Protein chains: 2
Amino acid sequence: MAAETLKIQQVAEKTGLSIYTLRYYELEGLVAPVPREKNGHRAYSEDDIYSIIFVTKLRAAGMPIADIRRYVELARQGESTAGERLQILEEHKCAVEQQLAELTQHLEVITFKIDYYRNLNGKGHDGC
Amino acid sequence: MAAETLKIQQVAEKTGLSIYTLRYYELEGLVAPVPREKNGHRAYSEDDIYSIIFVTKLRAAGMPIADIRRYVELARQGESTAGERLQILEEHKCAVEQQLAELTQHLEVITFKIDYYRNLNGKGHDGC
DNA sequence: GCTTGACCTAGAGTACACTCTAGGTTGTAT
DNA sequence: ATACAACCTAGAGTGTACTCTAGGTCAAGC
């Protein structure tokens, strides 16, 4: 059971990213350079996929590409940068938590409006 | 105490939007056309500010400009559109709740990574 | 009367994150 | 041998949401 590798198409399916985006993320340094087969095709490892999925989490949480690149660069420099990486993640965690709090608050405003409309015409379904 | 109006500068301060963005939102129909003074300057009412703030909530919750415009157009058409507006808000509420759930999940992944780094070098501050 | 500052419109420019096209190579199936 | 499908690179194009510039009006202060 040697290291199995995946084609870009399969990685696209696994991660939900487009092939374009996968190449773009590599170009932008959000993903470490992916090893190539002899024919030049990308050969992704399971580890690569794991880190791509982590990148999608950071993106979904609103982290800009530049910040993720910084994080990935540090990761490639080895253990000595763990402290700085910790700091980036902690800062981002704060940002996400704040965003969460704001979203919750906005949700309340929206819910309030919904209740208003519902009282107007008596209908509505409640829940998603 | 007749209807007091506000200049665009004051509205910018109250809402946290730039003057450019306020004009842009009006141009794009996210805000009903603001009445002008004789000299052509915008004269915002308190109601205008209330609805601008509501728009900022929708934007912060990720609603695209096109959807907000649709909502505002309906609102201007009167009570008969309340049902459709309710539907827009409910759909968006679902989207926000889903986003909230995803963010919470991503936060867990990030927290997990943070714990990993913290165990590596023993430091970290915990909390924002 | 002239400068200054806040406002106006129309339209150009920017930032970000993709997304696609063009032109080319490689590996498998007929 | 040839068609085709999936891959490659480099670079152009797109969509969204602002953000700024240019050129002009208007009221208040010196």
Side-chain angles (χ1 to χ4, degrees), chain A residues 4-45 48-49 52-72 92 95 99 102 106, chain B residues 4-45 48-49 52-72 92 95 99 102 106:
Chain A
E4 308 269 321
T5 64
L6 294 166
K7 295 283 208 171
I8 197 167
Q9 172 78 66
Q10 299 170 295
V11 177
E13 280 157 16
K14 282 211 176 192
T15 60
L17 296 173
S18 72
I19 290 175
Y20 300 137
T21 304
L22 285 169
R23 291 197 276 243
Y24 168 70
Y25 278 6
E26 185 181 349
L27 185 71
E28 290 296 312
L30 273 59
V31 171
V34 179
R36 308 299 154 111
E37 294 169 14
K38 275 169 188 160
N39 58 17
H41 291 197
R42 286 169 180 82
Y44 290 89
S45 68
D48 288 332
I49 290 164
I52 290 166
I53 289 173
F54 185 64
V55 166
T56 65
K57 304 271 183 213
L58 294 178
R59 283 292 303 124
M63 189 183 279
I65 297 232
D67 293 7
I68 300 176
R69 176 170 38 230
R70 174 91 187 116
Y71 178 88
V72 171
H92 190 61
Q99 199 187 338
E102 279 167 16
H106 300 160
Chain B
E4 308 268 322
T5 64
L6 294 165
K7 296 283 209 172
I8 197 167
Q9 173 78 66
Q10 300 170 296
V11 177
E13 281 158 15
K14 282 210 175 193
T15 60
L17 296 173
S18 72
I19 290 175
Y20 301 137
T21 303
L22 284 170
R23 290 198 277 242
Y24 169 70
Y25 278 6
E26 186 182 348
L27 185 72
E28 290 296 312
L30 273 59
V31 171
V34 179
R36 308 299 155 112
E37 291 169 16
K38 275 167 190 164
N39 59 15
H41 291 196
R42 287 169 179 82
Y44 291 89
S45 68
D48 288 332
I49 290 164
I52 290 167
I53 289 172
F54 185 65
V55 167
T56 64
K57 303 270 182 213
L58 294 177
R59 283 291 304 124
M63 189 183 278
I65 294 221
D67 293 7
I68 300 176
R69 176 167 40 230
R70 174 92 186 117
Y71 178 89
V72 171
H92 189 62
Q99 199 188 338
E102 280 168 15
H106 300 161

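Every chain is numbered from 1 and lettered A, B, ... according to where its sequence line falls, protein lines coming before strand lines. If you're wondering where the values come from, they're calculated on a predicted model, not measured in any experiment.
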Within this structure, what is the CD-to-P distance between B/Glu13 and C/dA6, rounded to whole angstrom?
11 Å

So, is B/Arg36 close to the C/dT9 phosphate, meaning a side-chain N or O under 4.0 Å from OP1 or OP2?
yes

Between A/Thr21 and C/dA17, is there a contact of a side-chain N or O with OP1 or OP2 at under 4.0 Å?
no

Mind listing the closest non-hydrogen atom pair of A/Asp48 and A/Pro35 along with its distance?
OD2-CD, 4.2 Å

Close side-chain approach of B/Leu30 to B/Tyr24, heavy-atom, < 4.5 Å
no

If you take any heavy atom closer than 4.0 Å to DNA chain D, which residues from residues 54-68 of chain B end up in contact?
B/Arg59, B/Pro64, B/Ile65

Touch class at under 4.0 angstrom, heavy-atom based, for A/Gln9 against every strand present:
sugar-phosphate

Mapping A/His41 and B/Ile19 to their closest nucleotides on DNA chain C, which lands nearer the 5' end?
B/Ile19

What's the separation between atom CD1 in A/Ile52 and atom NZ in A/Lys14, rounded to the nearest 0.5 Å?
11.0 Å

Over how many whole Å does the gap from A/Glu26 atom CD to C/dC18 atom P extend?
15 Å

Using whole Å, what does the distance between atom C1' of nucleotide C/dA6 and atom CG of B/Leu6 come to?
15 Å

To the nearest angstrom, how far is B/Tyr20 atom OH from C/dG13 atom C1'?
12 Å

Assess whether salt bridge (Lys or Arg N to Asp or Glu O under 4.0 Å) is satisfied between B/Glu26 and B/Arg69, documenting all intermediate values.
CA-CA 10 Å; B/Glu26 186 182 348; B/Arg69 176 167 40 230; over 6 Å; no

Starting at the 5' end of DNA chain D and moving along, which residue's nearest nucleotide shows up first, A/Arg42 or B/Tyr24?
A/Arg42

Side-chain touch B/Tyr44/B/Thr15, heavy atoms, less than 4.5 angstrom
no

Ignoring backbone atoms, establish whether B/Tyr25 has a side-chain N or O less than 4.0 Å from OP1 or OP2 of D/dA17.
no

A/Ile8 CD1 to D/dA6 P, in whole Å, measures 13 Å

Rounded to whole Å, please give me the gap between CG in A/Leu22 and C1' in D/dC8.
14 Å

Can you tell me how far OG1 of A/Thr21 sits from CZ of A/Arg59, rounded to the nearest 0.5 angstrom?
10.0 Å

Do the side chain of B/Gln10 and the main chain of B/Lys7 share a donor and acceptor less than 3.5 angstrom apart?
yes

Round to a whole Å and report the spacing from CZ of A/Arg23 to P of C/dT19.
13 Å

In whole angstroms, how far is the P atom of C/dT9 from the CG atom of B/Leu27?
9 Å

